[in-house]
Each structure stands twice: as structure tokens, then as C-alpha cells.
Amino acid sequence: MSMESKGETFYPVGALEDFLLQIGRVVEVAGLQIAVFRTSDGRIFAALNQNPHPKGGPLAEGIVSGHYLYDPLYDWKIDLTTGLVQAPDTGQVTMFPVKVEDEQVYIAAAALQQA
């Protein structure tokens with residue numbers, strides 16, 4: 001069951017406890033593979049599970065340190081708060097709004113439909 005907030009539809013993707021600290025997990029929402037990360041301070045981030053590197057690849061297997069994701073194939077450093085690839089590399093990861101209510105994690109659908 002989805003929920004409305006600020007004109008956006010949020011889809012439930014699992015219980016907060018399902019998302020382990022610093023471990024990526026892939027969920028499917030609206031036909032897209034979304035990598036969900038929980039940082040060591042408990043914040044949840046959701047990104048399209050697609051590396052912005054020209055050769056592509058998944059992001060969910062990356063290593064989370066602080067609010068950064070180190071992708072598993074090219075060791076690119078990605079800021080989970082903005083989706084920006086850090087210098088010397090460049091690129092942008094598609095990020096999705098997330099909220100946690102009653103120990104459930106939700107991802108915004110409006111952003112999904114634009115991806």
C-alpha cells in the first residue's frame with residue numbers, strides 16, 4: 001500500500017530492520033532496481049542501482065563509509081546525500097527521496113517515474 005506525502009506517492013520497500021548498516025540491498029519499485037543503503041548513523045538512502053560509469057554496473061555491492069559509497073567495480077566515491085561522484089571522477093547517480101515511518105522504509109514514486 002502506497003502513501004501520499006507532499007503530493008508524492010511513497011512505496012513501502014521493507015522494514016527498517018531489513019536494511020543492515022553499511023550494506024546495500026536491492027529492492028524493485030515501479031519496475032526499477034533501487035539500491036537502498038543504511039549508513040552507520042542509521043540514515044537511509046536510495047539510488048538507482050546503476051553505476052554512472054560508461055561501462056555501467058550495479059551499485060548495491062558497494063562499500064558504505066560515512067555518507068559515501070565506494071562502488072564495487074571502479075572504486076568511484078559517490079556522495080549518498082547528493083548522488084554526485086567525487087573528484088577526480090565525475091558523474092551523477094539518480095537518488096530517490098526516502099522516508100521512514102513506524103519502522104517502515106518508503107521510497108518516493110514521483111522520482112521513480114522520472115528516472
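All residue numbers refer to positions in the sequence shown, counting from 1.
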Would Asp89 and His53 count as having a side-chain donor-acceptor pair, cut-off 3.5 Å? no

Say whether Trp76 and Asp71, considering side chains only, have a donor N or O and an acceptor N or O under 3.5 Å apart. no

Can you name the nearest heavy-atom pair linking [X] to [Y], along with the distance?
X     : Y     : result
Gln50 : Leu59 : O-CD1, 3.7 Å
Gly57 : Leu73 : CA-CD1, 3.8 Å
Arg25 : Asp18 : NH1-CB, 3.2 Å
Ala60 : Val26 : CB-CG2, 3.3 Å
Pro58 : Glu61 : CG-OE1, 3.2 Å
Ala35 : Asn49 : CB-OD1, 3.7 Å

Can you find a pair of side-chain heavy atoms, one from [X] and one from [Y], that are under 4.5 Å apart?
X     : Y      : result
Thr81 : Arg43  : yes
Val64 : Thr39  : yes
Leu84 : Ile78  : no
Ser40 : Gln22  : yes
Pro97 : Ile107 : no
Val98 : Tyr106 : no
Val36 : Phe45  : no
Lys55 : Tyr74  : yes

As an exercise, state the distance from [atom1] of [X] to [atom2] of [Y], rounded to the nearest 0.5 Å.
X     : Y      : atom1 : atom2 : value
Glu17 : Gln104 : CD    : CD    : 8.5 Å
Phe37 : Ile44  : CZ    : CD1   : 11.0 Å
Gln86 : Tyr70  : CD    : OH    : 8.5 Å
Leu80 : Met95  : CG    : CE    : 5.0 Å

Leu16/Val100 under side chain to side chain contact (heavy atoms under 4.5 Å, CB included): CA gap, chis, key distance, verdict: CA-CA 7 Å; Leu16 183 60; Val100 178; 4.2 Å; yes

Is NZ or CZ of Lys77 both nearer than 6.0 Å to the six-membered ring centre of Tyr68 and within 45° of the ring axis?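 Yes, a cation-pi geometry holds between Lys77 and Tyr68.
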
Reference residue Phe96; test side-chain contact (heavy atoms from CB on, under 4.5 Å); the match among Val13, Val29, Leu48: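 So the option named by the test is Leu48.
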
